Amino acid sequence: MSKTLVIVESPAKAKTISKFLGKKYVVKASLGHVRDLPKSQFGVDIQNGFCPKYITIRGKGDTIRELRTAGKKAEQVLIASDPDREGEAIAWHLQNLLDISDDQPCRIEFHEITKQAIQNAVKNPRAIDTNRVNAQQARRILDRLVGYNLSPLLWRKIKKGLSAGRVQSVAVRLICDREEEIQSFRPEEYWTLTGSFVKVGFAPFEGKLYKYKGKKINIGSAEKIQELLEGLKGARYSVAKVIRREKSRKPAPPFITSTLQQEASRKLNFTTRKTMLIVQQLYEGIDLGKEGTTGLVSYIRTDSTRVSETARDEAKKYIRERLGEQYVSKVLARPSGKGKVQDAHEAIRPTSVYREPDSVKEYLTSDQYKLYKLIWSRFIASMMSPAIFDTTSVDINAGEYLFRATGSVIKFPGFMKVYTESRDDGEKDEEKQIPELNEGDSLKARSLTPKQHFTQPPPRYTEATLVKTLEEKGIGRPSTYAPIVGTIINRGYVVRDKKQLYPTELGTMVVDLLKKHFQDIIGIEFTAEMEEELDSVEEGVLDWVEVLNRFYIPFSQTLLKADEEIGHIQTADEVTEEICEHCGRNMVIKMGRYGKFLACPGFPECRNTKPLLEPTGVNCPRCGGELVARRSKKGRKFFGCSSYPECDFVTWDQPSQTKCPECGGLMLEKKAGKKINLSCINEECSQKNVLTENKARQRRPTSGKSNATGKTSSK
């Protein structure tokens, strides 16, 4: 009996789908792309309309042979790669390799891996979308034109091994520009004056000095604050105005790719790469016991907050049943999102809201559960009614001075009963209740507290805020955010420390060179315009060859000019007092993929290298040696004994110079939001806090020994 061959990208997806389709279908996986441009050659014929030279990816020969054999036996072939540009290109390559005619309807799409979605998809195949394929080809060739021309220039002018990417370079520029802002920032002093007021018979409340002689006040010095305090001596305080009103706060829309990456970073401390890895597993399917393998979330690469009517109705029914009618949103529809949105897919949502996180928890890993709960909660909240607050604003008169107190109390929690969105600054909403006051009420000032402040520089990017900025500026698309962040860290242009992204000296050097000679390539607006042109190719409005031509002609001219103008850039190495034990030279600091390391300047005659250890000033609790900072294979900082391998003590947590007050042992700094708690590593000590699962030896880094490049390797 002839069967239908269905080709998907991953084995996990193949396993899930085969259970929904039955015996008449054979489901196999292509394991992603099967063809690509060659790594060892340029692979693009510029003179012949940018014709790409595709080759079979190394190691994919057996997969292709297996698919061809299965295709010949099948009555019909359906290609079910992901429903985006990348997936369309994979389908196109498979169509060519399997000799399927261009007009044959062999492409199927589904946006969630559920039985109904899969069965509907196989009934409605279509032809390959050539516009979508051309948009992906144009992006791939654009990246090749930039990377394979700029990288050799950097090798010649700075050092070998460097690389430059079209979109990645712009991301590094954002980080470098922010670092420049921080370094050039000059803090300015300012003061606030807070009064603690009380009405007889009521609880005290606080208000800040707001106006002086009818004008908003800015207090810039200690002298000024003393002058104001003198003026307030003997002042009589009374309520000048009371404004009470009701305010509502709407829920955040369901997740799109970028907002999921941002919120997972804030709430779960996940990197963008980890978020996409785990959510891919949730999308492809989890074995839920008797229910079988099922996709828990809808398609995960999307820039639209649109939700299907079916999913919306199911969510509202669930809210009505579990929480009551008053919690159901009365809003009929939501906008798709800000700016230009492709709107090809729905928002990221659970495939069924009735699969509550706790009901499937036993089948999920800890990280899968956390991320699924985040997606589920956000989606449910987005379908709920707004939160209602009672807000009060009180102006307090003190002669020529005016204080203002504000407060708000939740009247109806609405969506906040299920979920509230985090903020990048880490601040939380605090309820501040103002007592029942009326105009003319007399008040007593219990205290006036001056406080000195300094203006702060803009914060460094985290992965969450970088993705947010890339999205706002139109750089990259949902499927590219995680690879962009991963690439700039892996190439050594950026390092991540305590969630913040810092440019390395190498990253700064490359960005400075590109800004001077390739303003368009590293230009934020130019890169965003290129993304819009690629969208227009997908829509069939622009020809992809024309887009490449318009880019390449000026780029090639700039490249020739830069090659002539840029001389060899000497990168002076910082000399240290560390002596090379092989040849006696003073070792220098070099920058590698995993950060800085010590190297002998006598290379290649002397190849001696050592890790560059960052001292902490804290002694090892095991042997008395000094604890130093190192980096794991993934670039994450940890702390270990400088006497390794003789002593293998390691911990992820920052050692504190404060000794345990009870036993005198080592204390570790453990973050809890903005606070830092100290915990003794001694299991028997009463100063040991509740975070026992993070103790030094239980979460030992998968590295112990640091090698010459600052990398770490397993024992």
Side-chain angles (χ1 to χ4, degrees), residues 42 46 139 141-186 457-458 460-461 466 469-470 472-476 480 484-485 487-495 501-533 547-574 589-593 596:
F42 187 49
I46 296 170
R139 173 185 283 280
I141 293 170
L142 268 174
D143 292 342
R144 179 57 61 102
L145 292 174
V146 173
Y148 275 54
N149 281 293
L150 273 187
S151 297
L153 179 70
L154 297 178
W155 300 348
R156 293 193 298 273
K157 304 302 180 181
I158 303 178
K159 74 172 189 176
K160 285 189 176 182
L162 298 183
S163 58
R166 183 178 62 88
V167 180
Q168 293 91 335
S169 297
V170 181
V172 180
R173 178 195 178 153
L174 288 170
I175 294 166
C176 288
D177 287 351
R178 177 60 56 85
E179 191 67 25
E180 197 175 313
E181 285 182 69
I182 293 169
Q183 298 305 325
S184 61
F185 181 81
R186 295 292 175 267
R460 288 183 176 85
Y461 285 108
L466 180 62
T469 303
L470 291 173
E472 288 174 348
K473 295 185 179 296
I475 298 167
T480 64
I484 287 170
V485 176
T487 299
I488 62 178
I489 292 173
N490 290 338
R491 286 179 177 171
Y493 295 154
V494 171
V495 293
L501 299 176
Y502 295 78
T504 62
E505 295 166 28
L506 192 60
T508 303
M509 191 183 303
V510 170
V511 165
D512 287 346
L513 185 145
L514 295 178
K515 282 168 73 172
K516 185 175 180 181
H517 298 279
F518 297 91
Q519 292 183 6
D520 280 351
I521 295 299
I522 207 164
I524 294 166
E525 290 182 7
F526 178 81
T527 306
E529 287 169 8
M530 288 303 305
E531 294 289 358
E532 291 182 2
E533 290 195 3
V547 169
L548 292 172
N549 248 320
R550 284 209 304 258
F551 169 82
Y552 186 71
I553 292 171
F555 171 66
S556 58
Q557 294 169 350
T558 304
L559 194 68
L560 288 171
K561 185 180 178 184
D563 203 10
E564 293 173 0
E565 291 180 354
I566 304 172
H568 183 72
I569 300 173
Q570 293 289 339
T571 55
D573 295 319
E574 183 183 343
I589 297 175
K590 295 277 189 182
M591 174 60 72
R593 179 177 175 182
K596 295 179 179 180

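What you are looking at is a predicted structure, and each value in this text was computed from that prediction instead of being measured.
Within the 4.5 Å cutoff, no side-chain heavy atoms of Ile484 are placed close to those of Val170. You'll find the side chain of Ile141 stays beyond 4.5 Å of the side chain of Phe551, heavy atoms only. Side chains of Leu174 and Thr469 form a contact here, defined as non-hydrogen atoms less than 4.5 Å apart. Leu145 has its side chain within reach of Phe42: a pair of non-hydrogen atoms, C-beta onward, lies under 4.5 Å apart.
Pairing each heavy atom of Ile553 with each of Ser556, the nearest pair is O-OG, 2.8 Å. Scanning both residues, Arg491 and Ala164, for their nearest heavy atoms gives NH1-C, 4.2 Å. Taking every heavy atom of both residues into account, Phe518 and Ala562 meet most closely at CZ-CB, 3.6 Å. For the pair Asp563 and Lys157, the tightest heavy-atom approach, listed with the atom from each and the gap, is O-NZ, 3.1 Å. Here the closest non-hydrogen pair linking Arg550 and Glu533 is NH2-OE2, 3.2 Å. Taking both residues in full, the closest heavy atoms of Glu531 and Val167 are given as OE2-CG2, 4.1 Å, listed atom of the first, atom of the second, then distance.
Residues passing the salt bridge (Lys or Arg N to Asp or Glu O under 4.0 Å) test with Arg166 are Asp143, sequence neighbours excluded.
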For Tyr493 and Ile175, what are the C-alpha separation, side-chain angles and deciding distance, and is it a side chain to side chain contact (heavy atoms under 4.5 Å, CB included)?
CA-CA 10 Å; Tyr493 295 154; Ile175 294 166; over 6 Å; no
Quick one, Leu153 with His517, criterion side chain to side chain contact (heavy atoms under 4.5 Å, CB included). Give me CA distance, side-chain angles, the key distance, then yes/no.
CA-CA 11 Å; Leu153 179 70; His517 298 279; over 6 Å; no
Could you go step by step and tell me if Tyr461 and Leu470 meet the side chain to side chain contact (heavy atoms under 4.5 Å, CB included) rule?
CA-CA 11 Å; Tyr461 285 108; Leu470 291 173; over 6 Å; no
Apply side chain to side chain contact (heavy atoms under 4.5 Å, CB included) to Leu150 and Leu514, showing your working.
CA-CA 9 Å; Leu150 273 187; Leu514 295 178; 3.9 Å; yes
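With rounding to the nearest 0.5 Å, the separation of CZ in Phe555 from CD1 in Ile521 is 5.0 Å. Leu548 contributes atom CG, which lies 12.0 Å from atom CZ of Arg139 (distance to the nearest 0.5 angstrom). Atoms OG1 and CG, from Thr508 and Leu513 in turn, are 12.5 Å apart once rounded to the nearest 0.5 Å. Here the CG atom belonging to Leu501 is positioned 6.0 Å from the CG atom belonging to Leu466, to the nearest 0.5 angstrom. In this structure, Ile182 CD1 and Glu180 CD are separated by 11.0 Å, a value rounded to the nearest 0.5 Å. Distance check: Met530 CE to Glu532 CD gives 11.0 Å after rounding to the nearest 0.5 Å.
Between Glu525 and Lys473, none of the side-chain N atoms (NZ, or NE/NH1/NH2) sits under 4.0 Å from a carboxylate O, so this pair counts as no salt bridge.
A 6.0 Å sphere centred on NZ of Lys515 holds more than 12 heavy atoms belonging to other residues, nucleotides or ligands. Within a 6.0 Å sphere centred on CD of Glu181, other residues, nucleotides and ligands contribute more than 12 heavy atoms.
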